[in-house]
Amino acid sequence: MPWNIPILLTWSRILMIPLFTALFYLPASWRVGIQTVNTCAAALFVLAAVTDWFDGYLARKWKQTSDFGAFLDPVADKLMVAVALILLVRLDRTWAICAIIIIGREITISALREWMAQLGKRNSVAVATVGKFKTAAQMAAITLLLLQSWPALGLDFIWLGNTLMFVACVLTLWSMFYYLKMASREFKQPRPPKTI
C-alpha cells in the first residue's frame, strides 16, 4: 500500500466519519447546543469535501496516482455521503427516499464500474458532466441540511437544502441511467461459457 500525502488526505476523510457521527451522539451534558453540533458537523463535511478535491489535485500534480488511491478515494466519498444521509434522515431533516435513491445509485454504479473494469472497458463509464453536477448539488444540500439554520441571520436552510436534495436526486437518477446506457452495449455482447 503506497503512502503519500494524497493517500493520507483520503484516509483522513475516512477517519473523520466516526468523529462526524459522534457529534450527534454526545451525552447531553457534553453538548454546548444543537447549533454548535450542527456547525461542527457541517464544517467537518465541508472539510472532507475539500480534501476530496485536494487529494486528487495533488496526486495528479505530483504524479502520485496509484491503483490503491483510485480505489480508496471513491470509497471514502461514498462512506461520508452515506453516513451523512442516514444521520439527516434520522434527524428528520430530509426524506428517506432521497437517501435510498442516492445510496442505491452509488452501489449500482460502483458495481457497474467494477464489472466494466473486469472487461477492460472502465472508460465506458468514466465520470460525466451530469455526475459532477449531481455531486455539487448533493454536497451543497447535505451541508445546508447539516447546518439546519443560521439564527444570527434568521436563515432556515431546511427548505433550500431539501430543494437541492430533490435536484440532486433527479441528477442522480439521470446520471445512473446515462452510465447504464453507456454500458448497455456490453450487456448485449455474447460471453464465452465459463470453464470449470
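The shown structure was predicted, so the numbers you read here are calculated from the model rather than taken from an experiment.
- Within a 6.0 Å sphere centred on CH2 of Trp174, heavy atoms belonging to other residues, nucleotides or ligands number 12 at most.
- Under the 4.5 angstrom side-chain criterion for Ile, Leu, Val, Met, Phe, Trp and Tyr, the cluster partners of Phe166 are Val170.
- If you chain together hydrophobic residues whose side chains sit under 4.5 Å apart, Leu19 and Phe24 fall into the same group.
- With rounding to the nearest 0.5 angstrom, the OG1 atom of Thr94 is 10.5 Å from the CG atom of Leu146.
- A pairwise comparison of heavy atoms in Ala41 and Phe20 identifies O-CE1, 3.4 Å as the closest pair.
- For the atom pair Ile7 CD1 and Thr65 OG1, the distance stands at 9.5 Å (nearest 0.5 Å).
- Taking the ring axis of Tyr179 as reference, the NZ or CZ atom of Arg113 stays within 45° of it and closer than 6.0 Å to the ring centre.
- Atom NZ of Lys134 sits about 11.0 Å away from atom CG of Leu173, to the nearest 0.5 Å.
- Taking the side-chain hydrogen bond (donor to acceptor under 3.5 Å, both in side chains) definition, one finds that Gln64 meets it with nothing, sequence neighbours left out.
- One hydrophobic cluster, built from ILVMFWY side chains closer than 4.5 Å, cannot hold both Leu15 and Ile17; they sit in different ones.
- Glu106 is not listed as a side-chain neighbour of Val81, based on a closest heavy-atom distance of 4.5 Å or more.
- Under the side-chain hydrogen bond (donor to acceptor under 3.5 Å, both in side chains) criterion, Arg93 pairs with Asn38, Gln148, not counting sequence neighbours.
- Here Phe54 is tied into one hydrophobic group with Ile5, Leu9, Trp53, Tyr57, Leu58, Trp62, each link being a pair of ILVMFWY side chains closer than 4.5 Å.
- Side-chain contact between Leu145 and Leu91 is absent, with no heavy-atom pair separated by less than 4.5 Å.
- Applying the salt bridge (charged side-chain N to carboxylate O under 4.0 Å, His left out) rule to pairs touching residues 2-15 yields Arg13-Asp52, Arg13-Asp55, Arg13-Asp73, Arg13-Asp77, sequence neighbours excluded.
- Scored by the side-chain hydrogen bond (donor to acceptor under 3.5 Å, both in side chains) test, Arg90 finds Tyr25 as partners (sequence neighbours excluded).
- Remark: Phe157 CZ to Thr163 OG1 distance equals 13.0 Å, nearest 0.5 Å.
- When hydrophobic clusters are built by joining Ile, Leu, Val, Met, Phe, Trp and Tyr residues whose side-chain heavy atoms come closer than 4.5 Å, directly or via intermediates, Leu87 is not grouped with Ile100.
- Within the 3.5 Å criterion, the main-chain N or O of Ile107 finds no donor-acceptor partner in the side chain of Ser110.
- Residues Ile14 and Leu72 meet the side-chain proximity criterion, which asks for heavy atoms closer than 4.5 Å.
- Put simply, Val89 and Ile103 are part of two different groups of oily side chains (I, L, V, M, F, W, Y) that touch within less than 4.5 Å, one to the next.
- Under the 4.5 Å side-chain criterion, counting only non-hydrogen atoms from C-beta, Leu23 is in contact with Leu44.
- Minimum interatomic distance between Gly161 and Ala141 (heavy atoms only, all atoms of both residues): O-CB, 3.4 Å.
- Side-chain contact between Tyr178 and Thr129 is absent, with no heavy atoms from C-beta onward closer than 4.5 Å.
- In this structure, the separation between OG on Ser175 and CE on Met182 is 12.5 Å, given to the nearest 0.5 Å.
- The two residues Cys169 and Ile101 come nearest to each other via the heavy atoms O-CG2, 4.2 Å.
- Side chains of Leu144 and Met165 form no contact here, defined as non-hydrogen atoms less than 4.5 Å apart.
- A donor and an acceptor atom, one from each side chain of Ser149 and Asp156, are nowhere located under 3.5 Å apart.
- In this structure, CE on Met16 lies 11.5 Å from CZ on Phe45, to the nearest 0.5 angstrom.
- Taking hydrophobic clusters as Ile, Leu, Val, Met, Phe, Trp and Tyr residues chained together by side-chain heavy-atom distances below 4.5 Å, Ile142 shares a cluster with Leu47.
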